[in-house]
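Below, read A as the first sequence line, B as the second, and so on, with proteins coming before strands; counting in each chain starts at 1. The figures that follow rest on heavy atoms only: side chains count, while hydrogens, waters and symmetry mates do not. All of these numbers come straight from a predicted model, not from anything done at the bench.
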Amino acid sequence: MKLATWNVNSVNARLPRVLEFLETHGPDVVCLQETKCEEAAFPHEALAAAGYRAVDHSTGRWAGVAILARADGAPAAEARGLPGSPVPEEGRWIEATVGGVRVASVYVINGRALDDPMYGAKLAFLDAMARRAAELAGSPLVVCGDFNIAPADIDVYDPAAFAGATHVSEPERERLRAILATGLVDGFRRVAPDTVQHTWWDYRAGHFHKGMGLRIDLVLASEGLAGRLRSCGIDRDFRKGPKPSDHAPVLAEFEPA
DNA sequence: ATGACGTCTTGTAGACGA
C-alpha cells in the first residue's frame with residue numbers, strides 16, 4: 001500500500017497540483033489537510049475522473065481534512081471530528097478504513113504563540129489525539145497529517161530561531177511522544193534516522209530555496225505496519241513549480257501483509 | 001527586519017498560517 005499525506009493549503013487552489021501528484025505517484029491512499037472549502041465545493045468530480053473517491057470533513061474557509069482512495073478501494077468514512085477536540089466546529093480530523101487499515105488525516109491546531117489561548121487549545125487537541133489513538137490501538141492504524149510540531153531539533157532548520165516559539169516547545173513534543181507511546185512509529189524517522197529533511201517552508205523570503213524549513217508533516221504507523229515500511233520520503237518537487245502549497249507531500253510504502 | 005507570500009471572504013483589508 002502506498003500512502004501519502006499532504007497539506008495542500010486549499011484543495012481547489014491546488015487542484016492541478018493534486019491531480020499531477022495522483023498521476024505521478026499513483027498512491028492508494030492520500031490524506032489531505034487545509035482543504036479550505038465548503039462541503040459542496042469539495043472537488044469530488046475532478047478526483048473521480050482521476051480514479052479516486054474521497055471522504056472529507058470540510059468546514060469552510062479554515063482547516064478541512066480529507067482521505068482519498070482509489071475508486072476500487074473506496075474509503076469508508078468512520079469518523080468526522082476528534083472526540084474531545086477543543087474546536088469541534090473545525091475540520092481537523094477524519095478517519096476512514098482503506099484496505100483493512102484505519103487511516104486518520106489530521107490537521108493539528110497551529111497554536112499561534114505560547115501565550116495565545118490557541119496554544120492551550122493545541123495541547124488539548126493533542127491530548128484528545130492520544131486518547132483516540134489509544135482507543136484505536138491493537139489494529140493496523142496510520143495517523144498522518146500536519147502535526148504542527150517538529151518532533152526534534154533535527155527537524156528544524158535553525159533551532160535558535162525557534163526559541164520560545166510554537167512547534168518546538170517541550171509541552172508539544174511531550175504530547176507527541178504520548179501519542180507515539182500508544183504504539184505508533186514516526187515512519188520517516190524509522191526509515192531515515194539521521195536525515196535532515198523538511199516538509200514545510202514559509203512562502204516568504206525564499207525560505208524554500210534557502211533550505212529554511214521544518215519537518216512537521218508526519219506519517220505515524222502502528223508497530224506492525226511500521227515493520228513493513230518499504231520506504232518513507234518527502235517529495236520536494238511538489239514545493240516547486242507553479243502555485244505550490246507551502247508544504248511538500250510525505251509518501252510511505254508498506255509491504256503487503 | 002516588526003517584512004517578505006498566499007489563501008480566504010456577500011471581500012477589495014484583515015485574518016490566518018507556522
Provide the closest heavy-atom pair for A:Arg70 versus A:Pro27 in the form atom of the first, atom of the second, distance.
-> NE-O, 3.7 Å
Please measure how far the C1' atom in B:dG3 lies from the corresponding atom in B:dA18, and state the result in whole Å.
-> 16 Å
Spacing of CG belonging to A:Leu114 relative to OG belonging to A:Ser169, to within rounding of 0.5 Å = 5.5 Å
Quick one: what's the B/S/- string for nucleotides 9-17 of chain B, heavy-atom cutoff under 4.0 Å, read 5' to 3'?
-> S----BBSB
A:Val108 vs A:Ser10, nearer the 5' end of DNA chain B by closest nucleotide = A:Ser10
Quantified in whole Å, what is the P atom distance between nucleotide B:dC16 and nucleotide B:dT10?
-> 14 Å
Indicate the ring-plane relationship of A:Trp6 and A:Phe21, choosing parallel, tilted or perpendicular according to the 30° and 60° boundaries.
-> tilted
Begin with the C-alpha distance, continue with both residues' side-chain angles, and end with the deciding distance and a verdict on side chain to side chain donor-acceptor pair (under 3.5 Å) for A:Gln33 and A:Thr5.
-> CA-CA 8 Å; A:Gln33 300 85 36; A:Thr5 184; 3.0 Å; yes
Could you tell me whether A:Arg17 and A:Glu20 make a salt bridge, using a distance below 4.0 angstrom between a side-chain N and a carboxylate O?
-> yes
With a 4.0 Å cut-off, would you call A:Asp153 and A:Arg173 a salt bridge?
-> yes
Rounded to whole angstrom, note down the P distance from B:dA13 over to B:dA4.
-> 16 Å
Could you give the CE-to-C1' distance, from A:Met212 to B:dC5, as a whole number of Å?
-> 14 Å
Relative to each other, are the rings of A:Tyr157 and A:His207 parallel, tilted or perpendicular (30° and 60° limits)?
-> perpendicular
Within residues 236-245 of chain A, the residues having a heavy atom closer than 4.0 Å to DNA chain B are A:Lys243
Go through A:Asn9 and A:Glu34 one step at a time and tell me if the side chain to side chain donor-acceptor pair (under 3.5 Å) criterion holds.
-> CA-CA 5 Å; A:Asn9 185 17; A:Glu34 282 208 86; over 6 Å; no
Between atom CZ in A:Arg14 and atom C1' in B:dG6, what is the gap in whole Å?
-> 8 Å
Which value, in whole Å, describes the distance between the P atoms of nucleotides B:dG11 and B:dG6?
-> 24 Å
Once you round it to whole Å, what is the distance between C1' of B:dA4 and CZ of A:Phe208?
-> 17 Å
Please give, in whole Å, the distance from B:dG6 C1' to A:His207 NE2?
-> 15 Å
Mind checking what makes side chain to side chain contact (heavy atoms under 4.5 Å, CB included) contact with A:Val191, not counting sequence neighbours?
-> A:Leu229, A:Cys232
